[in-house]
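Written out below as structure tokens is the structure these notes cover.
Order of listing sets the numbers, starting from 1, for every ligand and every atom in it.
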Amino acid sequence: MNLLVVCLGNICRSPAAQGIVERAALQKGLHLNVDSAGTAAYHIGKSPDRRSVNELGRVGIDLSRQKARQVVVSDFYKFDWVLAMDRSNLQNLLAMRPKDATANVVMFGEYVETVSFGEVDDPYYGDESGFQTMRLHLTEIADSFLEYIKPVK
Ligand code: 4NP
């Protein structure tokens, strides 16, 4: 199973989502290949935002080796799931998805039952507290998503 988590810049939310899903898969004994990308080109080649690196570091998840990249058309064939952080990311992804794409393209928070948990707020322009909120939210979403797709061990 191949998962691509996607946000706008690929420096705040999706690198954190990648680290969280990788660790959840490890803890559950699941074989998942996880990558992340951004719909925008602003930060290609950069490391994740230091606020995301610090926040995930608090729970022992290392994002420091990730590098930002932009979504490419081949992602829609290579990955089983392309997972958007918010509605704007989802719209951008659906606009570039080829007609014969094989990936499921949905919001990452789609399968969380709790009301209003669908979108992961962009913490980029806020303060550090937004990054903790992001981490907690992504952790809940990752658990729900893995429960929903029930990948094989
Ligand atoms: P991300 O956050 O999409 O979670 O990586 C952002 C990063 C950069 C910008 C916006 C959002 N930006 O406008 O540069």
- Do NZ/NE/NH1/NH2 and the carboxylate oxygens of Arg51 and Glu128 come within less than 4.0 Å? no
- Message: Aromatic contact between Phe108 and Trp81, with the criterion being ring centroids under 6.0 Å apart: yes or no?
- Response: no
- With Arg69 via salt bridge (charged side-chain N to carboxylate O under 4.0 Å, His left out) - residues at least two apart: Asp35, Asp75
- Task: Answer yes or no: are there more than 12 heavy-atom neighbours, outside Tyr77 itself, under 6.0 Å from its atom OH?
- Result: yes
- For ligand 1, list the protein residues that place a heavy atom within a distance below 4.0 Å of one of its atoms, sorted by chain and number. Cys7, Leu8, Gly9, Asn10, Ile11, Cys12, Arg13, Tyr42, His43, Asp122, Tyr124, Tyr125
- Message: Quick one about Glu22 and Gln18 (side-chain donor to acceptor, distance below 3.5 Å, no hydrogens or angles considered), yes or no?
- Response: yes
- Asn89 and Thr39: side chain donor to acceptor below 3.5 Å: no
